[in-house]
2 protein chains.
Amino acid sequence: MRTRDVNKESAIQEKAIEMIVKQGLDGFSMQKLAKAANVSPATLYIYYKDRDDLISQIASQISVRLMETSLKGLHPKMSFADGLELQWKNRMEFYLTHPLDVEFIEQIRYTPTYASIKDIVRQKFGDVLGKFVHNAINRGELQPLPFEVYWSIAFAPLYQLIKFHTQGYSPTNDCFRISDEMLNQTLNLVLKALKP
Amino acid sequence: MRTRDVNKESAIQEKAIEMIVKQGLDGFSMQKLAKAANVSPATLYIYYKDRDDLISQIASQISVRLMETSLKGLHPKMSFADGLELQWKNRMEFYLTHPLDVEFIEQIRYTPTYASIKDIVRQKFGDVLGKFVHNAINRGELQPLPFEVYWSIAFAPLYQLIKFHTQGYSPTNDCFRISDEMLNQTLNLVLKALKP
DNA sequence: ATTGTAAGTGAATGAACGTTCACTTATCTT
DNA sequence: AAGATAAGTGAACGTTCATTCACTTACAAT
């Protein structure tokens, strides 16, 4: 049996991400991808069932990697401030090393395709995160809040900063770059908001 | 000269939004839109230069309406807490009355198309918002912060909540609905974070 | 009532789309 | 060395795409 060419699969994924980030989901086609990845269109269908499957497989792989990175070193018994800082720094690191992957996910996140992916992520990582938050509340380091409220305060600001950084501008700034200082400043505001 | 049929244009816009929200940007085509809006494909090209123009015209109209609604009743001299609450409530009201419009914008926001739209919005509304924030800082009601930090704390949590509501679920909840109480709770956390 | 004009059309265009098929090629097992 | 098998291919399929064109229709101005 002929063996799979590993370079081929990663070339496909890399080019797909690149194309979708640069031209959007509607500017993306199987034939263009095949050409960009130096592969026959038919080869794509060895790796993926169809176009939808290609997009959602790539998206869920990235999502899982993002979550794994983001939770690296997190112990449920960590202090809340330390644990949240760790997650922020981990996410930021993932973004800095894989910016296209994050932009890709952001683009998928708001399409109907994303519905299937969230299940996988929640199933794999819901446990650890749940315990971390639960412990922090029990220790009195975190207000008891509906999970959605907690999440929207704890992580939405980080994603917004990353988005400004990604797009290179914000509502009042044409050439925005995130700085470590700014990240820490925002994190401290978030911690202040969530403290009992 | 024959007069334009106003119903026609709004039918086109309404169906376009509906289709893109339900099937995503790539499941959207001019011919399907024409059929859904009971119009000839050629008619679309009377109203819009091409497909891209159609999408970005609709998107920027919605963006402007959203900002107008969100700033309704805002005076730059308002207290910061009142002004921010007003903007949150206004935005939430816009979402409740035009949920599809907001989902449509969210979907465009992360595509390359959005770049052109942000200019229009900033140009039209940057002034009022800038003054409001400036006054609040001078009065000592708001920490002086980089605008991006301010924005990510002040509004990202609201958008995250709306997103949970829109999608009908959050990381730990399969059937999430936003409540007034939850909105107020989150707003208070945000105000707490931003207070000097 | 006639006419000028822009609104509106259905059918047609060629290009690009996702996908498949008959086929070749590389590698593992024997 | 031969055979088995999955990887990989280029050309082709029917479909759908965005867009255009020759044409009709409705209305305002005259």
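Naming: A, B, ... by sequence-line order, numbering from 1 per chain.
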*What pairs with Asn38(A) under side-chain hydrogen bond (donor to acceptor under 3.5 Å, both in side chains), at least two apart in sequence or on another chain?*
none
*Taking for each residue the nucleotide of DNA chain D with the nearest heavy atom, is it Lys8(A) or Lys32(B) whose nucleotide lies nearer the 5' end?*
Lys8(A)
*Please determine, for the side chain of Ser40(B), which listed nucleotide (dG18(C), dG10(C), dT9(D)) has the closest atom?*
dG10(C)
*Measure from NZ or CZ of Arg91(A) to the centre of the six-membered ring of Phe155(A) and say whether it is under 6.0 Å with the direction within 45° of the ring axis.*
yes
*Report which part of the nucleic acid Thr43(A) touches: base, sugar-phosphate, or nothing (heavy-atom distance under 4.0 Å, all strands).*
base
*Want to settle it: does Asp5(B) or Gly27(A) sit nearer the 5' end of DNA chain C, counting the closest nucleotide to each?*
Asp5(B)
*Are Arg109(B) and Tyr110(A) close enough that some pair of their side-chain heavy atoms sits under 4.5 Å apart?*
no
What pairs of nitrogen or oxygen atoms, one from the protein and one from nucleotides 2-5 of chain C, lie under 3.5 Å apart?
| unit_1 | atom_1 | unit_2 | atom_2 | d |
| --- | --- | --- | --- | --- |
| dG4(C) | N2 | Met1(B) | N | 2.4 |

_Distance in angstrom units between Leu33(A) CG and dT9(D) P, rounded_ = 12 Å
*Measure from CD1 on Ile46(A) to P on dC23(C) and round the result to the nearest Å.*
17 Å
*asked:* Can you measure Arg51(A) atom CZ to dC17(D) atom P for me and round it to whole angstrom units?
replied: 12 Å
*Report yes if a side-chain nitrogen or oxygen of Ser29(B) is closer than 4.0 Å to either non-bridging phosphate oxygen (OP1 or OP2) of dA18(D); otherwise report no.*
yes
_Atom-to-atom span, CG of Asp26(B) to C1' of dC17(D) - whole angstrom_ = 13 Å
*Would you kindly give the NZ-to-C1' distance between Lys35(A) and dA16(C), to the nearest whole Å?*
11 Å
*Grab the OH-C1' distance between Tyr48(B) and dA7(C) for me, whole Å please.*
15 Å
*Select one nucleotide: of dT19(C), dT20(C), dT19(D), the one nearest the side-chain heavy atoms of Gln31(A).*
dT19(C)
*Assess whether atom NZ of Lys195(A) is packed by more than 12 heavy atoms of other residues, nucleotides or ligands within 6.0 Å.*
no
*Say whether, by atom type as modelled, one donor and one acceptor occur between the side chain of Arg177(A) and the main chain of His165(A) under 3.5 angstrom.*
yes
_Consider side chain to side chain contact (heavy atoms under 4.5 Å, CB included). Of Gln13(A), Gln57(A), Lys8(A), which one does Tyr47(A) pass it with?_
Lys8(A)
*Just say parallel, tilted or perpendicular for the rings of Phe94(B) and His98(B), cut-offs at 30° and 60°.*
tilted
*d(CE, Met30(B); C1', dT9(C)) in whole Å*: 15 Å
_Nearest heavy atom decides the nucleotide; on that basis, is Tyr47(B) or Phe28(A) closer to the 5' end of DNA chain C?_
Tyr47(B)
*Can you figure out which of dT19(D), dT9(C), dG18(C) approaches the side chain of Val39(B) most closely?*
dT9(C)
*Take the protein atom CZ of Arg4(A) and the nucleotide atom P of dT9(D), then report the distance between them rounded to whole Å.*
13 Å
